[in-house]
Structures are given as C-alpha cells and as structure tokens.
Amino acid sequence: MAFWKPGTVAPGSSIDRDTVNQESAGGGAPAVTGRIERIAVSERRGRLPIAKQRDALLYLLERHPVVVLQSPTGTGKSTQLPQFLLEAGWAKDGKCIAVTQPRRVAAISVAQRVAEEVGCILGEEVGYSVRFEALCTPETKVLYLTDGMLFREILLDPLLSRYSVVMVDEAHERSSYTDLLLGVLKKIRRVRPELRIVISSATIEAQEFVDFFNRTTPSSSHPNSGLKPGEDVHAPPPAKKSRWDKKEKEEPKLDEAVMVRLEGKAFPVEIAYLEEPTSDIVMKVVETVFDIHLKHPVGDILVFLTGRDEIDRCLQQIADYQHRLPQGAPLIKAFPLHSGLSTESQIAVFEPPSPRTRKVIVSTNIAEASVTIDGIKFVVDSGLVKLRSFDPVTGMDALVTTPCSLASLAQRAGRAGRTSPGKCFRLFPATALKALLPTTPPEITRSDISLLVLQLKSLGIQNILRFDWMTSPSSTMLERALEFLYCLGALDEEGKLTRPLGVRMAELPIDPMMSKILLDSHSFGCSDEILTVAAMTSVQNVFILDDGDSIRGELERRKFTVEEGDHLTALNAYNAFIKHGRKSSKWCHNHRLNFKALSRALSIRTQLSKYLKRFDIPIISCGSDHAKIRRCLTSGYFRNAAVAQPDGTYKSVREGALLHVHPSSVYFTRTPPSSFVIFHEVIETTKRFMREVTAIEQDWLVELAGHYYQFRETKR
DNA sequence: TAGGGTTTT
C-alpha cells in the first residue's frame with residue numbers, strides 16, 4: 001500500500017513507527033550532510049532507547065548466531081541496529097547486511113532515513129530493493145528489502161552468501177514470506193554457522209521465535225506458544241502431534257538463539273471496555289465518538305471497523321449525528337480509510353483538520369500496521385477484523401469477520417499513545433478477552449500455498465511435509481497443494497519439479513494456474529493477450545468504487561464490458577489505458593479507473609514478458625479471435641469451472657457447490673453466451689461468489705481438462 | 001441478484 005511516492009514522506013505520517021522528524025526525512029535524495037547536521041543526527045540517535053544497548057547487542061551477536069529483539073514500537077531498532085552492525089564491521093570484505101520488511105513502503109522509507117543518518121547517497125552504502133524498484137549497487141552495505149524479495153534471492157543464491165547478517169523485521173506479523181524465510185534461514189545456518197540472524201518482533205510473540213530456532217526437530221503448529229505459563233489464561237488448542245514428533249525427542253540447544261528486551265518510547269494508553277456486548281457496532285462507534293468529542297477537548301480519533309460497508313454507514317451516521325450537536329460546539333471531520341480508496345482520498349487522511357475541528361478516521365485494519373497517522377489520541381476499537389481463510393478441501397477462500405487476537409488489540413491501542421498519553425475504547429466487555437487467541441494465526445496457515453510449495457521445491461527442498469515450518473500448514477493443506485501442482489503438470493509422480501514446466505512455474509511471480517496458462521499461451525496463439533490478462537488478474541481494484549457515486553462508476557465500467565467475460569473486459573480496459581491513459585491519471589479518473597493499479601499492471605506485464613523472452617516463448621497476438629484466449633484460460637483454470645442453473649445461480653463442476661456471480665462481474669447483469677464458465681477465485685462472504693468469470697464451451701473442458709476430472713474420479 | 005481485510009514476488 002503506497003500512499004505516497006517513493007522519495008517523499010507522507011504528510012503527517014511516520015516512517016518506521018520510530019522517531020522520524022519531518023524536516024530531516026523530507027523529499028529527494030539526501031545530499032551528504034554538513035558537520036552541524038551530523039552532530040544533530042548523532043544526538044538524536046543517541047537519545048533513542050536502543051542506543052543504551054548498543055554494546056550489549058553487538059556483544060550478543062558476536063556470541064549468538066540468532067538474536068531475537070523483543071521490542072515495542074519506538075525503539076529505533078529498524079534504523080539503528082543495522083547502523084551499529086555497519087559501524088562494528090559486519091559489512092567488511094564485500095559483505096552486506098540485509099534487513100527485511102513485510103511492506104514495500106517501509107523498506108524504501110527506512111532505507112531513506114538510514115542513508116541520511118549515515119550521510120550517504122541513497123542507493124550507495126545504504127540502499128533498498130523491492131519489486132520493480134531497486135536503488136542499490138553490488139557495494140551496498142546495508143540493504144533494506146521486502147521479505148518476498150529476499151526469499152526470491154534465495155532461489156538464485158541458496159546460501160545467501162553475500163550477506164553476513166540478515167535481520168527479519170516485523171517478524172511478528174508472520175507474513176507467508178517471513179515464515180518461509182525463517183525456515184530457510186534456519187537451514188542455511190547449518191551450512192553457514194558464521195551467518196548472523198536478527199529477528200525483531202513485538203512483545204507477545206517474541207518467545208516463539210527463540211523456541212523455533214532452539215528446537216532441533218521440526219514440529220507442527222505451536223500457534224500460541226508465545227505465552228509464559230502464568231499468562232496463559234487463554235488456553236490454546238492442544239498442538240497436534242505430527243508424525244516426526246513421535247519419533248524424535250526435542251533437544252534444544254539453549255544458546256543458539258537468545259532474546260533481548262528493548263524499552264519502547266510509547267506513552268501509556270488507558271483502556272476502557274463496555275459493560276455489555278453491543279448488537280449494533282456501528283451505532284456504538286458513533287455514540288462513543290461523540291461521547292469523546294463532548295468530554296475531551298482535543299485529540300484525533302481513530303476507529304477500527306471491519307470493512308467498506310461498515311465504514312460508509314458509520315460516516316453517514318456521524319454526519320447525521322453532527323446536526324444534533326449543541327450550537328457552537330467544535331465540529332467533527334470524518335474520513336474513511338481502506339485499501340479500495342483512490343490515492344487522493346487516502347492522502348486526505350493525513351491533512352491537518354481546520355481549526356476547531358476534530359479529525360475522526362474510520363478505518364479497516366489497514367491502520368493497524370500498514371498506515372501510521374500521527375496525532376491520534378483516542379482509539380475506538382470494534383475488536384473485530386475480517387480474516388481470509390482457505391479451505392483446502394473445496395479450494396475456496398472465505399472472508400469472515402472474526403474477533404481480533406490479543407496482539408492485534410494491543411497494536412491498535414498503541415496507535416493512541418504514539419505522541420502523548422492516550423485512551424482506547426474497546427467496544428466489548430473485558431470478559432470477552434479470555435476467549436481470544438493470543439496472536440492471529442499466521443497467514444501461511446490460512447492461504448493457498450501452491451506457489452510457495454513450488455518455490456520450496458525449486459530450492460531443492462524435496463520433502464515439503466518435513467520442512468521446518470515455524471507453524472506448519474495443515475497436512476490437508478500441504479497434500480492438496482501437492483496434488484494440485486501434480487494436476488497442473490508442475491510436479492511429476494514422485495513430487496519432483498517437471499522440466500521445463502514446473503521449474504518455470506516456480507520462477508514466475510504469479511498464481512500457478514495463471515503461470516501454467518501463460519507458459520502454454522503461445523500454443524493457443526494468444527500469448528500477447530494472456531500476458532495482459534495475467535498482469536490484470538494480479539492487481540486489485542482496477543475499477544474504482546469509492547466516492548459514493550457508484551452508478552457513475554458502473555456506467556463507466558460498462559464502456560469496457562465484453563460479452564465473453566471479465567478477463568476480456570480487463571484486457572479491454574488495459575488496452576484503452578495504454579492507448580489513452582498511460583501518462584494521464586486524469587483520463588483514468590474520468591473513467592473511474594485506478595491509475596496506480598493500471599500502472600502496476602503495466603509493470604507486471606513488462607516483467608512477465610521478460611520471463612517469456614528468457615524462456616524463448618514467442619509473444620503472439622490472436623487479434624480479434626477471442627475464443628483462443630478463452631480456450632487458453634480453460635487449460636489452466638479447469639479446476640474452477642461452473643455450470644449455470646436455471647435460476648441464475650451456478651454449480652461448481654467439480655463438487656456441485658452452489659456458487660453466485662459476484663456483483664462486480666459483467667455476468668452479474670447479463671447472461672453469459674454459454675452455460676459453462678471458468679473463474680479466477682471464489683470468495684465466500686455473504687455467499688460464495690465467483691470473481692473474474694469467463695464463458696467457455698463444455699467441449700473445451702473435456703478436451704483440455706479431461707485428465708483432471710478423471711484423476712479426481714479415480715481418487716474417490 | 002447488490003459487494004472486497006491486508007500484503008508481496
């Protein structure tokens with residue numbers, strides 16, 4: 001989520017949840033700072049909590065291969081520790097210190113900040129590397145990168161031999177790539193004992209990382225092992241014993257990984273709870289917001305709700321309620337914040353309010369970690385979040401409103417204490433806490449892991465079931481991924497990568513179904529078009545839905561509509577963008593298209609076309625013969641096939657599951673030209689919705705995917 | 001018939 005262009009800092013936001021001062025973090029490539037600024041930098045660095053522990057940290061890293069930093073926000077760990085390491089000589093002899101971040105924006109802006117403190121030009125001694133954007137040289141000594149980017153580098157250099165230290169920052173977020181990285185780093189350690197690993201994690205989760213590096217045998221899920229016995233009021237479900245647990249006893253080498261606690265700089269946040277649960281969360285939010293507004297004179301309010309619909313209703317009710325305020329009372333200016341907004345609407349959140357006006361930001365989970373807004377004094381927390389989960393049996397995703405974990409609640413409350421003492425109003429009774437999980441289940445246990453499995457295979461890790469996962473995906477999840485990759489032709493009967501298909505699929509940064517389609521697309525005579533379709537299906541929110549004018553948006557979208565379905569409609573929109581709007585965000589705005597998303601699709605398409613060239617796959621256009629594209633899509637999306645029912649609903653071909661067309665599909669308002677369709681994915685919210693739907697012929701399914709349905713039959 | 005939490009290669 002980029003709210004600002006790289007090279008600038010968003011107004012009122014901060015980079016690292018650490019100390020950032022606006023003047024010095026501001027735009028452009030930093031020049032070499034003068035002597036006076038250098039002194040100021042060194043004083044500011046010296047005041048950070050981590051400065052006191054500099055020598056202790058360096059000593060521990062000499063002695064221990066793995067150091068876990070348990071650190072609340074505001075310690076300066078992301079900016080300072082890499083500098084300590086640099087000063088202590090860990091980047092001598094051409095070696096480099098890598099620091100991973102789960103998000104692009106963080107990798108870029110922290111690198112900027114550190115380059116400035118070090119007094120170098122960004123991209124030289126200190127640099128960054130994220131997809132489509134890198135500013136570094138082979139001589140770079142401190143490199144900030146996304147965790148996905150470092151994982152990709154392992155595919156090229158399996159021992160990460162150019163790095164002396166790898167610091168995994170924000171590890172508690174447990175992104176899938178962070179988890180993969182941890183497993184592989186532990187493996188690399190055995191071959192490269194001199195490699196140093198630093199894991200930085202928020203408070204609750206830190207012990208889990210120590211345990212992970214100190215255990216000698218892989219073990220299955222320990223989702224909640226971060227609690228000390230005395231704190232364990234929320235008993236976790238018993239960890240499942242995996243088959244290898246029974247064979248071998250754990251023998252922890254206790255000095256492998258050590259933990260260091262760092263003091264934060266956060267201000268205290270007082271927490272308040274409701275006495276009774278509420279049945280109308282939006283109304284309770286509005287009441288609480290106005291209660292704060294009338295009782296407390298200053299300070300902005302951050303509200304956490306679950307989704308766009310709730311946020312819009314909340315804003316509407318705040319506007320209604322505002323009319324009832326006593327005359328002369330200060331006003332409220334409320335802003336929505338979620339990922340579907342246009343860039344302009346997102347930036348509005350950072351602007352200071354007019355005098356005598358209080359800012360209220362009504363946000364999804366995006367404000368929990370991805371976006372930091374300064375000046376928040378009050379947090380109003382619904383205690384709920386929408387979490388995605390993947391069902392390996394049906395192959396479908398669900399997006400379900402769930403109570404937050406305790407870690408999540410703590411993180412949200414902390415948003416009120418960044419600049420002064422704050423207060424957090426949790427809109428549920430305190431008694432509900434004991435039913436909550438300590439931490440959110442890692443992403444890797446809730447997602448389709450086919451691509452990750454493919455990439456691990458490509459690293460030469462043959463036995464995926466015995467990989468040392470920090471938290472193992474369920475065996476159903478693993479088995480399904482293996483079975484599906486076999487059906488796609490990426491794995492052979494022994495589970496080895498096929499050549500060249502499987503090897504190439506592991507390299508491509510797109511969904512395995514789509515990568516199979518792309519790699520075969522020349523034989524269908526439409527690789528040019530499939531490149532675009534693949535790029536378009538890997539970006540979200542191409543059609544803008546915000547600003548309340550949904551009818552206009554709908555009318556604009558219909559201008560691109562193609563009868564054959566959503567994939568070809570996306571192709572159409574992309575081609576129009578290239579023709580008219582590539583350099584004009586105005587053209588996009590007029591047609592309710594997301595300029596940023598389409599520009600990203602362009603970058604992805606360019607990247608994918610480079611892969612095709614390297615694989616010697618010719619880029620051929622099918623012209624106006626769109627049936628070729630639909631046939632080609634069928635060859636990879638065969639698992640996702642459905643057939644229309646007389647009542648307008650669909651049944652999946654594979655299991656006969658009831659499916660609905662998502663309202664964003666062109667087939668929501670018109671009937672497809674044939675009764676069979678393929679779709680990109682199913683998301684279950686209020687119903688099971690098919691997204692990105694394209695009409696196909698039944699014969700194609702038999703011709704191009706007969707093997708899959710036969711395979712499924714014989715297994716039963 | 002009426003809807004999408006967030007992130008990444």
Side-chain angles (χ1 to χ4, degrees), chain A residues 1-2 100-107 129-134 145-156 170 173-181 304-312 337-341 363-371 382 384-389 397-402 404 408 440 443-444 446-447 451-452 454-455 506-512 515 535 538-546 550-551 553-554 600 603-604 607-608 611 647-650 659-665 667-671 681-687 689-692:
Chain A
M1 161 74 37
T100 71
Q101 297 287 332
R103 282 172 291 279
R104 299 162 50 91
V105 177
S129 172
V130 300
R131 190 183 187 187
F132 303 130
E133 220 184 310
L145 21 62
T146 44
D147 46 19
M149 209 60 185
L150 187 64
F151 185 75
R152 216 142 244 283
E153 194 167 330
I154 297 179
L155 297 174
L156 303 172
E170 313 290 1
E173 290 187 19
R174 301 291 302 274
S175 79
S176 293
Y177 278 113
T178 290
D179 273 25
L180 282 189
L181 220 44
F304 284 100
L305 282 172
T306 62
R308 204 184 79 208
D309 178 53
E310 271 185 1
I311 289 169
D312 290 348
L337 180 59
H338 54 80
S339 73
L341 294 178
S363 174
T364 59
N365 216 27
I366 192 171
E368 186 178 306
S370 308
V371 174
S382 65
L384 300 169
V385 65
K386 278 189 187 171
L387 278 188
R388 192 187 268 261
S389 60
D397 276 303
L399 194 59
V400 183
T401 301
T402 322
C404 291
S408 214
T440 309
E443 188 188 9
I444 208 159
R446 300 184 282 112
S447 338
L451 178 59
L452 305 180
L454 212 48
Q455 291 177 327
E507 271 196 71
L508 285 172
I510 47 173
D511 171 273
S515 66
S538 30
V539 298
Q540 290 109 46
N541 304 321
V542 170
F543 299 100
I544 292 174
L545 292 171
D546 69 320
S550 58
I551 295 167
E554 188 57 37
R600 194 170 165 75
S603 305
I604 295 174
Q607 186 187 39
L608 294 177
Y611 279 102
D647 65 354
T649 64
Y650 283 77
L659 300 174
H660 300 263
V661 174
H662 192 274
S664 67
S665 168
Y667 293 147
F668 188 70
T669 47
R670 55 168 68 206
T671 311
E681 62 178 356
V682 170
I683 290 218
E684 182 175 356
T685 51
T686 52
K687 292 173 186 163
F689 288 112
M690 300 181 283
R691 299 182 53 86
E692 310 301 320

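We name chains A, B, ... by the order of the sequence lines, and we start the count at 1 in each one.
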- Query: Checking all strands, does A:S175 fall into the base, sugar-phosphate, or nothing category for heavy-atom contacts under 4.0 angstrom?
  - Reply: nothing
- Are the side chains of A:S176 and A:D179 in touch, meaning some heavy atoms are under 4.5 Å apart? no
- Message: Judged by each residue's nearest nucleotide on DNA chain B, which is more toward the 5′ side, A:I683 or A:F668?
- Response: A:F668
- Are any side-chain N or O atoms of A:Q607 and backbone N or O atoms of A:S603, one a donor and one an acceptor, separated by less than 3.5 Å? no
- Kindly say if A:S339 contacts the phosphate of B:dT6, meaning a side-chain N or O under 4.0 Å from OP1 or OP2. yes
- Report the nucleotide, chosen from B:dG5, B:dT7, B:dT9, that has the shortest atom-to-atom distance to any side-chain atom of A:E443. B:dT7
- 5' precedence on DNA chain B between A:G648 and A:Y177 (nearest-nucleotide basis): A:G648
- List for me each residue that meets ring-ring contact (aromatic ring centres under 6.0 Å, His included) alongside A:F689, sequence neighbours excluded, and say none if there are none. A:H662
- Message: I want to check one thing: is the phosphate of B:dT9, taken as OP1 and OP2, less than 4.0 Å away from some side-chain N or O of A:R104?
- Response: yes
- Message: Just to be sure I understand the rule, does A:Q607 reach a base, reach only the sugar-phosphate, or reach nothing, if contact means heavy atoms closer than 4.0 Å?
- Response: nothing
- Message: Can you tell me which nucleotide in B:dG3, B:dT1, B:dG5 comes closest to the side chain of A:T686?
- Response: B:dG3
- Query: Taking only residues two or more places apart in sequence or in another chain, which ones pass salt bridge (Lys or Arg N to Asp or Glu O under 4.0 Å) with A:E507?
  - Reply: A:R614
- Are any of the side-chain heavy atoms of A:H338 and A:S363 separated by less than 4.5 Å? no
- Side chain of A:R446: nearest nucleotide among B:dG5, B:dT9, B:dG3? B:dG5
- Of the nucleotides B:dA2, B:dT9, B:dG5, which has the atom closest to the A:R131 side chain? B:dT9
- Side-chain N or O of A:T401 closer than 4.0 Å to phosphate OP1/OP2 of B:dG5: no
- Give one of base, sugar-phosphate or nothing for A:V130, where a contact means two heavy atoms less than 4.0 Å apart. sugar-phosphate
- Message: From the set B:dG3, B:dT9, B:dT6, return the single nucleotide nearest to any side-chain atom of A:R388.
- Response: B:dT6
- Query: Which part of the nucleic acid, if any, lies within reach of A:F689 when heavy atoms closer than 4.0 Å are counted: base, sugar-phosphate only, or nothing?
  - Reply: sugar-phosphate
